[in-house]
2 protein chains.
Amino acid sequence: MSEVLTEKRGVTAAPGSAKARIERAALILFVEKSIEGVSTKSISQYAGVSEGLLYRHFKSKADLSRVLMTTIHGRLTKLVRQHMNQPLAAAVSDIVRDYARLADEDWPLFAFHLLNMHRFPNLSDDGPLRAAAELVRFNQSAGRLRNGIAPDLLASMALGVVMQAAQSKLLGGNIGALSDHTETFERAVLAVLEDA
Amino acid sequence: MSEVLTEKRGVTAAPGSAKARIERAALILFVEKSIEGVSTKSISQYAGVSEGLLYRHFKSKADLSRVLMTTIHGRLTKLVRQHMNQPLAAAVSDIVRDYARLADEDWPLFAFHLLNMHRFPNLSDDGPLRAAAELVRFNQSAGRLRNGIAPDLLASMALGVVMQAAQSKLLGGNIGALSDHTETFERAVLAVLEDA
DNA sequence: AGTGTATATGTGAATAATCACTCATTTATT
DNA sequence: AATAAATGAGTGATTATTCACATATACACT
């Protein structure tokens with residue numbers, strides 16, 4: 001079906017494989033409306049493919065959304081775990097920077113996670129929040145953070161500093177790229193962790 | 001239609017007016033699934049009324065969700081504005097306390113706002129976040145808060161401390177009643193505002 | 001109290017549109 | 001020629017909303 005140029009893969013007008021285009025379309029529409037608020041027909045139209053093709057690559061609409069969620073969920077989890085084995089301040093700095101970068105580089109994917117994570121409760125067992133809680137607990141045990149507060153709660157509050165800024169952006173706030181505020185986030189997160 | 005007891009109004013098995021029962025049912029189901037993911041049939045069944053009755057009280061499903069959203073949105077906005085005219089620390093303390101209390105007293109309503117606010121972008125012009133930003137700006141002007149950071153952003157980060165804890169609860173986290181952590185929230189919010 | 005009447009509340013079957021999904025068939029690739 | 005990718009019309013189920021109808025409540029006048 002491709003009458004568009006495909007010479008230099010990745011820089012041509014054709015944005016990618018049909019499967020990738022379906023995923024992109026679904027992502028964007030899921031964020032704009034909601035998972036149930038988007039029809040398979042509208043996804044396929046947005047992606048520029050037939051409706052039937054959607055079912056060659058995904059066994060159902062729910063499966064499609066599940067694939068998208070596990071993808072971003074895994075990336076975020078790995079991102080946090082990647083930076084855990086270093087002094088707290090450095091870990092926070094790296095995590096915040098990469099979080100903001102990922103959000104800026106693929107906002108629909110990031111927003112999809114933010115908005116729909118609660119619909120995939122089984123993934124909560126191992127996610128960024130859980131990882132962050134482990135980081136907190138380790139630093140509490142090592143005496144580098146106050147011990148009187150539950151790791152889950154402290155991790156939530158710390159992550160919340162960044163996540164609510166993202167939510168704010170989603171609501172049409174004036175905040176620009178999250179990466180423009182990494183230092184601000186970093187200081188605020190540390191303030192929560194150490195002063196609270 | 002009422003074969004149930006209605007002796008002592010308000011304490012009987014009949015939980016309230018039909019309209020109130022419809023609103024409750026919608027709220028709970030909207031949070032559990034999503035607005036588009038819930039049918040008018042399921043709402044009416046959950047409420048124990050006929051499907052047609054839904055349209056006596058609300059002109060459409062979208063109208064029903066809009067009424068619910070404006071209700072909670074207005075309450076939260078008023079809540080923040082109510083405590084703005086006092087020293088910052090006291091304002092934060094009062095706002096955090098009332099936020100947590102409202103969340104605990106009517107979790108479905110609170111969660112509905114948290115999850116679906118982004119679907120009502122027109123309400124963002126005047127909401128809790130905007131109010132909080134005004135509080136920040138005032139305290140910046142008065143020299144009580146650092147001036148180098150956008151009020152919108154600072155307000156977001158501060159509110160995020162509480163909101164992410166709520167989100168965490170939504171994801172099945174161990175956090176109990178939010179009111180059990182008002183002091184923790186208060187300290188963390190002040191830490192963000194003053195140290196960041 | 002009793003009767004008539006308007007208004008509000010409630011019902012559920014009917015409707016046309018849309019839904020997720022399937023499948024026989026066609027087109028492209030190897 | 002064989003396999004993979006892609007199509008789009010067709011399927012039965014479900015959707016939001018309407019409507020003709022039934023019941024209950026409230027008010028006005030006797």
Side-chain angles (χ1 to χ4, degrees), chain A residues 1-7 9 12-69 112 116 119-120, chain B residues 1-10 12-30 32-69 116 119-120:
Chain A
M1 58 80 71
S2 70
E3 69 286 347
V4 283
L5 304 177
T6 53
E7 292 174 12
R9 187 178 294 268
T12 56
S17 67
K19 184 174 181 179
R21 289 217 310 285
I22 291 171
E23 288 177 345
R24 269 283 99 189
L27 205 52
I28 289 167
L29 294 174
F30 285 163
V31 169
E32 190 180 319
K33 297 179 183 274
S34 73
I35 296 176
E36 292 85 2
V38 172
S39 65
T40 51
K41 181 171 217 165
S42 68
I43 294 171
S44 59
Q45 281 176 345
Y46 195 103
V49 302
S50 67
E51 197 175 356
L53 187 57
L54 208 146
Y55 292 88
R56 301 261 155 207
H57 294 291
F58 307 94
K59 77 180 226 295
S60 69
K61 195 177 86 165
D63 180 54
L64 168 54
S65 71
R66 208 208 64 230
V67 166
L68 293 173
M69 182 52 77
F112 177 74
N116 297 297
R119 304 290 304 282
F120 300 84
Chain B
M1 59 78 75
S2 70
E3 67 286 344
V4 282
L5 302 178
T6 53
E7 292 176 12
K8 293 175 184 176
R9 187 177 294 268
T12 56
S17 69
K19 184 173 181 181
R21 289 216 310 283
I22 291 171
E23 288 177 345
R24 268 286 93 192
L27 205 53
I28 290 167
L29 294 174
F30 286 163
E32 189 179 322
K33 298 180 183 273
S34 75
I35 296 175
E36 293 84 0
V38 172
S39 65
T40 51
K41 182 171 215 165
S42 69
I43 294 171
S44 60
Q45 280 177 345
Y46 195 103
V49 302
S50 68
E51 199 174 358
L53 187 57
L54 208 145
Y55 292 87
R56 297 272 159 203
H57 294 291
F58 307 93
K59 77 180 227 295
S60 67
K61 194 178 87 166
D63 180 55
L64 168 54
S65 71
R66 208 208 65 232
V67 165
L68 293 172
M69 182 53 77
N116 297 298
R119 304 291 304 282
F120 300 83

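All chains are named by letter (A, B, ...) in the order of the sequence lines, taking the proteins before the strands, and each is independently numbered beginning at 1. Side chains included, hydrogens not; waters and symmetry mates left out as well; all remaining heavy atoms used.
- Salt-bridge formation is not detected for the pair Arg119(B)/Glu32(A): no Lys NZ or Arg NE/NH1/NH2 atom is positioned less than 4.0 Å from an Asp or Glu carboxylate oxygen.
- For the pair Phe58(B) CZ and dT17(D) P, the interatomic distance rounds to 13 Å; values are reported in whole Å.
- Between the NZ atom of Lys33(A) and the C1' atom of dT15(D) there is a distance of 15 Å, given to the nearest Å.
- For Ser50(A), the side-chain atoms get nearest to dT7(D) when compared with the rest of dT7(D), dG10(C), dC21(C).
- Residues Tyr55(B) and Ser60(B) come closest through the heavy atom pair CE2-CA, 3.9 Å.
- Backbone-only engagement by Ser39(A) is indicated by non-hydrogen atom pairs under 4.0 Å involving sugar-phosphate atoms exclusively.
- Whole-Å rounding puts the Ile22(A) CD1 to dA20(C) P distance at 14 Å.
- With the nearest nucleotide of DNA chain D identified for both Arg56(B) and Lys61(B), Lys61(B) has the one nearer the 5' end.
- Taking 4.0 angstrom as the limit, Tyr55(B) places none of its side-chain polar atoms (N or O) nearer than this to OP1 or OP2 of dT18(D).
- The shortest heavy-atom contact between Ala18(B) and Leu53(B) is CB-CD2, 3.8 Å.
- Taking side-chain N and O atoms only, Ser60(A) has no distance below 4.0 Å to OP1 or OP2 of dA20(C).
- When the C1' atom of dA20(C) is taken as reference, atom CG of Leu54(A) falls 10 Å away, rounded to whole Å.
- Between Thr40(A) and Ala18(B), the residue whose closest nucleotide on DNA chain C is further toward the 5' end is Ala18(B).
- Heavy atoms only, all atoms of each residue included: Val67(A) and Glu23(A) are closest at CG1-OE2, 4.1 Å.
- Atom CG of Leu53(B) and atom P of dA8(C) are 14 Å apart (whole Å).
- Atom CD of Glu36(A) is separated from atom C1' of dT18(C) by 16 Å (rounded to the nearest Å).
- Regarding contacts with the backbone of dA6(D), a side-chain N or O of His57(A) is found under 4.0 angstrom from either OP1 or OP2.
- If you measure from atom CG of Asp63(B) to atom P of dA16(D), you get 14 Å, rounded to the nearest angstrom.
- Summarising the geometry, the separation between NZ on Lys41(B) and C1' on dA13(C) is reported as 10 Å, rounded to the nearest angstrom.
- Open room surrounds OH on Tyr46(B); 12 or fewer heavy atoms of other groups in view lie less than 6.0 Å from it.
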